[in-house]
Protein chains: 2
Amino acid sequence: MKPNMIRKTCTVAVDIVLLTVREGAFQVLLIDRLLTPQRGWPALPGGFVLDEDLPAAAQRELIEETHIDASRLHLEQLQSYGTPSRDPRGRVITVAYLGLAPDLPVPEAGTDAQNARWEPVASVLDGTTKLAFDHGTIVADGVERARSKLEYTTLATAFCQSEFTISELRHVYEIVWQAPIDARNFHRKVTSADFLTATGRRTTRDGGRPAALYRATEEKVNELLYPPMLRPRVLVP
Amino acid sequence: MKPNMIRKTCTVAVDIVLLTVREGAFQVLLIDRLLTPQRGWPALPGGFVLDEDLPAAAQRELIEETHIDASRLHLEQLQSYGTPSRDPRGRVITVAYLGLAPDLPVPEAGTDAQNARWEPVASVLDGTTKLAFDHGTIVADGVERARSKLEYTTLATAFCQSEFTISELRHVYEIVWQAPIDARNFHRKVTSADFLTATGRRTTRDGGRPAALYRATEEKVNELLYPPMLRPRVLVP
DNA sequence: TCAAAAGTGTTTAACTTACACCCATGT
DNA sequence: ACATGGGTGTAAGTTAAACACTTTTGA
């Protein structure tokens, strides 16, 4: 048998990096592991793939472990992680998914998981919260993908409720990018960019003068944003 | 046993979308399958993952099937494909890799493959060349990734020889994007963008007045390009 | 001498940035 | 009345697009 005829089977898992903007912070959904290995450690929700499509596996695991229904959320494939040593149980390849959610009700833990909760991404990125396996790296990759998608796509609306004001949308950018944005120029830019639909309604929930409510234009969600909204770059001279 | 305790094993493969700019066309490396299923069909080089890292598997398969050494080429993970029905042999999940190469010598087929060759991506995208499994989709995803990476990163240099002229670099953009670019504005833009190092040498291989030779600045390869080089957008009013 | 490509200059338009200013509400 | 955020106006600065023009080679 030639070497390339040897078929090794491995286990395939999905892990979900579900991000949200909550209480003025960029947060990620974590659970505490109920099963060995790494029992008790904070980790991403996820699990083994059954006889189903990969995105279906991600949605199923999210519901099983956190009771969050991702069917109406943005969910995209992030990357696969397959270093042979990444899981002590053997060769496990995980396909990571990235989800973006508006501020949802506090999650409730389910099977194989306890203490489902939102955790600020900052405490994962700076190592304050250590995650099981290579989940810290996966979160970092997901956060960077989200930050860069806000530049080139209309996906920031995925972090907002179904109806939102321009300043709520701006807060999403400011919190995800950790950078202040001029409210007046931002207003002009997004209202002329043709991915928001005015509902005609107004709200005063943000205080001050009533603000117009918008929703994401149905056919423009997850479209490329042109021109892009470039985040401020640090100049390296 | 709870449903989420059932661990299905599947087979994990890698497939490589190796792209190049050759003879004035954007081309992809294909092989003809020597093994069933889909024996004789054109397909991407690739194969099953052994006890090795995923990028190592991609490099090994490329060498085994086409004798192309990717160790000095740009190789990045593209996406994983895992629809249960995508392979008649059973559950096979493939991790696709995207490689960018300069115009290389014509490849030579190896084990499990015959007739390794470059094929214009256009004939794959328009269905003229039908590929085995879902490889047509994988090529389309790789092409779109490459097109968009040319906008935001310095990766166009990965399609050039180690030393190249500005107009050779411009031809890469024109062929990958299938759009004409103003030579004079392009020249100014890339020479002021600080990812090219002048070698001091000149060449007349493109005809006309001798052109300065550049190389990709070592520490800027695969960096973000700022400001980005946006490809012309079709306006949909 | 001519074609062909390299490279520079210049004009115009478009877009970005910064910030002044007025508006409409709750308290 | 006044604080708070919403929204518009505008001038200055910067960048991009179009294209005229000079330079340097090979044939």
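Here is how names work: the chains are called A, B, and so on, in the same order as the sequence lines, proteins then strands, and each is numbered from 1.
The salt bridge (charged side-chain N to carboxylate O under 4.0 Å, His left out) analysis of residues 159-180 of chain A, with sequence neighbours excluded, yields the pairs A:E163-A:R201, A:E163-A:R215, A:E168-A:R205, A:R170-A:E174. For residues 143-174 of chain B, the pairs satisfying ring-ring contact (aromatic ring centres under 6.0 Å, His included) are A:Y152-B:Y152, B:F26-B:F159, B:Y173-B:W177, B:Y173-B:F186, with sequence neighbours left out. Listed by first then second residue, pairs satisfying salt bridge (charged side-chain N to carboxylate O under 4.0 Å, His left out) with a partner in residues 15-29 of chain A read A:R22-A:D103, not counting sequence neighbours. Within the structure, no pair that satisfies the ring-ring contact (aromatic ring centres under 6.0 Å, His included) test touches residues 59-83 of chain B, not counting sequence neighbours. For the salt bridge (charged side-chain N to carboxylate O under 4.0 Å, His left out) condition, the pairs that include at least one residue of residues 123-143 of chain B, sequence neighbours left out, are B:R86-B:D134.
For A:Y214, there are no ring pair (Phe, Tyr, Trp, His ring centres under 6.0 Å) partners two or more places apart in sequence or in a different chain. Evaluation of the salt bridge (charged side-chain N to carboxylate O under 4.0 Å, His left out) rule for A:R117 yields A:D32, A:E119 as partners, not counting sequence neighbours. Partners of B:R184 under the salt bridge (charged side-chain N to carboxylate O under 4.0 Å, His left out) rule, at least two apart in sequence or in another chain, are B:D182.
When side chains are defined from C-beta on, B:L155 counts as touching B:N222, because their heavy atoms get closer than 4.5 Å.
For residues 182-189 of chain A, proximity to DNA chain C is found at A:D182, A:R184, A:N185, A:R188, A:K189, defined as any non-hydrogen atom under 4.0 angstrom from a strand atom. Residues of residues 166-175 of chain A having a heavy atom closer than 4.0 Å to DNA chain D, listed by number: A:S167, A:R170.
Counting heavy atoms of neighbouring residues, nucleotides and ligands inside a 6.0 Å radius, atom CD of A:E219 exceeds 12 of them.
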Inset, instruction - Encode nucleotides 22-27 of chain C as B, S and - characters from 5' to 3', where the letter depends on protein heavy atoms closer than 4.0 Å: B to the base, S only to sugar-phosphate, - to neither. - result: -BBB--
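Residue B:L30 holds its CG atom at 11.0 Å from OG1 of B:T66, rounded to the nearest 0.5 Å.
On the nucleic acid side, DNA chain D has its first and last nucleotide under 4.0 Å of a heavy atom of chain A at D:dT4 to D:dT10, going 5' to 3'.
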